[in-house]
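Just below is one structure, and these are the notes that go with it.
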Number of protein chains: 2
Amino acid sequence: MRLTSKGRYGVSAMVDINNNGKEGKPVTLAAISERQFISLSYLEQLFRSLRAGGLVRSIRGPGGGYLLAHPASEITIANVIQAVNEPIRTTLCENAVRGCHRGRRCDTHQLWDAMGKHIYRFLDAVTIEMVCQKEVDLNNLELKPVEDIVTEVRMEQKIAKVS
Amino acid sequence: MRLTSKGRYGVSAMVDINNNGKEGKPVTLAAISERQFISLSYLEQLFRSLRAGGLVRSIRGPGGGYLLAHPASEITIANVIQAVNEPIRTTLCENAVRGCHRGRRCDTHQLWDAMGKHIYRFLDAVTIEMVCQKEVDLNNLELKPVEDIVTEVRMEQKIAKVS
DNA sequence: AAAATACTTGACTAAAATACTCTGGTTTAT
DNA sequence: ATAAACCAGAGTATTTTAGTCAAGTATTTT
Ligand code: FES
Ligand code: FES
C-alpha cells in the first residue's frame with residue numbers, strides 16, 4: 001500500500017467521474033484532463049490500471065468514455081490506490097532484504113505492521129461517494145475491526161470470491 | 001510527515017538504545033550498527049537529526065555513545081519520524097503546484113487531510129517504550145481526539161513551549 | 001466509406017527523492 | 001599520546017516516480 005501522487009490522481013479522477021458522469025453518460029479522459037489538471041497521456045496510463053483493477057468500464061468510439069464499474073458507495077479509496085500502484089509490497093519483510101533481520105522478526109516489526117493496518121482501515125472505510133458528499137466528517141469514521149480487514153485484496157478478486 | 005525507511009531506521013535505533021543501554025550506559029553507534037544491520041556512516045547521519053531534534057544526548061570520547069534524552073515512555077514514533085525527515089512538507093497544497101487547484105481546494109483535499117491526521121494520530125500514540133514491551137497491542141490503541149492533535153511539531157518546540 | 005472520436009498498449013525518458021558513502025575533522029577517557 | 005567515539009559537510013549512486021511518445025484499435029457519425 002504505497003501512498004504516492006499517482007494514487008491521489010487516481011482518486012481525483014474517480015471522483016471526477018462520479019461528479020460529472022450523470023445518468024450513465026461516460027466521461028472522457030479529455031474532460032477529466034481539463035478539470036483535474038492531469039495530462040491526457042498520464043490519465044491513459046492511470047486508467048489502464050483502474051480498468052485492470054475492475055474499477056471502471058470503458059466505452060469506445062465517439063461519445064464514449066469511462067464509467068464507474070460499481071456504485072460510488074461501493075468503491076473505496078483503498079481499492080483505487082491498490083489498483084494504480086504496483087502489485088503491492090508484501091509483508092514489508094519476508095521479501096525485503098535491507099532493514100529486516102534475516103530469519104527472525106526485528107523489534108519494530110509489529111509497529112510497522114500495525115501502522116499499515118491502521119492506514120488501510122482508514123482508506124478502506126472511505127468510499128468515492130463519501131468524498132463527493134462534502135458533509136461527511138472523515139475525521140471520525142467507524143472503522144472495521146482489525147480482525148476483519150484483509151489488506152492487499154483487489155476488487156477483481158473480491159468479485160471473483162463473491163461469484 | 002513522510003514515511004520512509006529512514007524513519008524506520010531511526011525508530012530501530014531508538015528502540016535499540018532503549019533495549020541495550022541499561023543504567024545510563026551510553027550505546028555506541030558501532031554497536032547499533034552491528035545489531036540493526038545499518039551502516040555506521042548512515043547512523044551518524046541519522047543521529048545528527050535525532051540529536052538536533054532533541055531526542056538523544058551524546059557523550060563523546062571513549063566509553064561514550066548515545067542516550068535517550070527523555071524517558072522511552074515520552075518519546076513517540078511521530079517524534080522520531082519527524083526528526084529524521086526533512087523540515088516537513090507544509091499543507092500539501094498551498095505550496096504544491098501540480099495536482100492542486102489554483103485558489104480553491106480540490107475535491108479530494110479533505111480526504112488527504114484526514115488521512116494525514118489519521119496516520120499522525122497513530123504514530124503519536126505509540127511510544128518507544130510500547131514498541132519495546134512486546135505485549136502491548138498496537139492494533140487497539142486509544143488515540144487522542146482529532147481536536148487535540150497538532151501535527152508538525154517537533155520535540156524541541158514542545159520543550160520550548162513547556163519551559 | 002471516410003473521418004473523427006476516444007480508448008489501448010508498450011516502451012521510453014526525465015526528474016526527483018532516497019539511500020548511502022567518503023573524507024576529514026573534534027572531543028575526551030585512559 | 002593514543003584510541004574510541006562522536007561530528008559535519010559534501011558527494012554519489014540507486015531507485016522510484018512522474019510523465020511522454022508513438023503507433024495502434026474500436027465505434028460512431030456523416
Ligand atoms: S522483520 Fe519484519 S519489519 Fe523487520
Ligand atoms: S487543494 Fe489541497 S489537496 Fe488539492
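Order of the sequence lines fixes the chain letters, A, B, ..., with proteins taken first and strands second; residue numbering starts at 1 for each chain.
In this structure the side chain of Ile59(B) reaches within 4.5 angstrom of the side chain of Leu67(B), judged on heavy atoms. Annotation: side chain of Lys134(A) is in contact with side chain of Asp107(B) (closest heavy-atom distance under 4.5 Å). Residues Val27(B) and Arg35(B) meet the side-chain proximity criterion, which asks for heavy atoms closer than 4.5 Å. Taking 4.5 Å as the limit, every side-chain heavy atom of Thr4(B) sits out of range of all side-chain heavy atoms of Ile81(B). Within the 4.5 Å cutoff, no side-chain heavy atoms of Phe122(B) are placed close to those of Ile119(A). Residues Arg8(A) and Trp112(B) form a side-chain contact, since some pair of their non-hydrogen atoms from C-beta on lies under 4.5 Å apart.
Proximity of Ser5(B) to the phosphate of dA19(C): a side-chain N or O atom is located under 4.0 Å from OP1 or OP2. In this structure, Ser39(B) reaches the dT21(C) phosphate: one of its side-chain N or O atoms is under 4.0 Å from OP1 or OP2. A sub-4.0 Å separation between OP1 or OP2 of dC7(D) and a side-chain N or O of Tyr66(B) is present. Taking only side-chain nitrogens and oxygens, Arg51(A) comes nearer than 4.0 Å to OP1 or OP2 of dT8(C). A sub-4.0 Å separation between OP1 or OP2 of dA4(D) and a side-chain N or O of Thr28(B) is absent. Not one side-chain nitrogen or oxygen of Tyr9(A) sits closer than 4.0 Å to the OP1 or OP2 atom of dT17(D). For Thr4(A), a side-chain nitrogen or oxygen approaches OP1 or OP2 of dA18(D) to under 4.0 Å.
In this structure, the OH atom of Tyr42(A) is 18 Å from the P atom of dT13(C), given to the nearest Å. One can place CD1 of Ile38(A) at 12 Å from C1' of dG19(D), the figure rounded to the nearest angstrom. Straight-line distance from the CG atom of Leu40(A) to the P atom of dT9(C): 15 Å, rounded to whole Å. Glu34(A) places its CD atom 15 Å from the C1' atom of dA6(C), with the value rounded to the nearest Å. In this structure, Leu29(B) atom CG and dT21(C) atom P are separated by 14 Å, rounded to whole Å. One interatomic measurement links the two molecules: CD1 of Ile81(A) to P of dT17(D), which rounds to 13 Å at whole-angstrom precision. Here dC7(C) presents its C1' atom at 14 Å from CG of Leu46(A), a figure rounded to the nearest Å. Distance CZ (Phe37(A)) to P (dG19(D)): 14 Å, rounded to an integer number of Å.
Here the nucleotide nearest the side chain of Gln45(B), chosen from dT20(D), dC20(C), dA19(C), is dC20(C).
Rounded to the nearest 0.5 angstrom, Leu143(A) CG and Tyr120(A) OH are separated by 12.5 Å.
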When Watson-Crick pairs (N1 to N3 and N6-O4 or O6-N4) and G-U wobble pairs (N1-O2 and O6-N3) count only below 3.5 Å on both distances, what is the dot-bracket string of DNA chain D, with | for other-strand pairs?
|||.||||||||||||||||||||||||||
Walk along nucleotides 21-30 of chain D from 5' to 3' and tag each nucleotide B, S or - by protein heavy-atom contact under 4.0 Å, base first, then sugar-phosphate.
B--BBSBB--
Step-by-step side-chain hydrogen bond (donor to acceptor under 3.5 Å, both in side chains) determination, Asn140(B) to Asp137(B):
CA-CA 6 Å; Asn140(B) 286 297; Asp137(B) 180 8; 3.1 Å; yes
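In this structure, Val27(B) reaches the sugar-phosphate backbone alone: every heavy-atom distance under 4.0 Å involves primed, P, OP1 or OP2 atoms, never a base.
At least one donor-acceptor pair closer than 3.5 Å links the side chain of His70(B) to the backbone N or O of Gly54(B).
By the 30° and 60° cut-offs, the orientation of the rings of Tyr66(B) relative to Phe47(B) is tilted.
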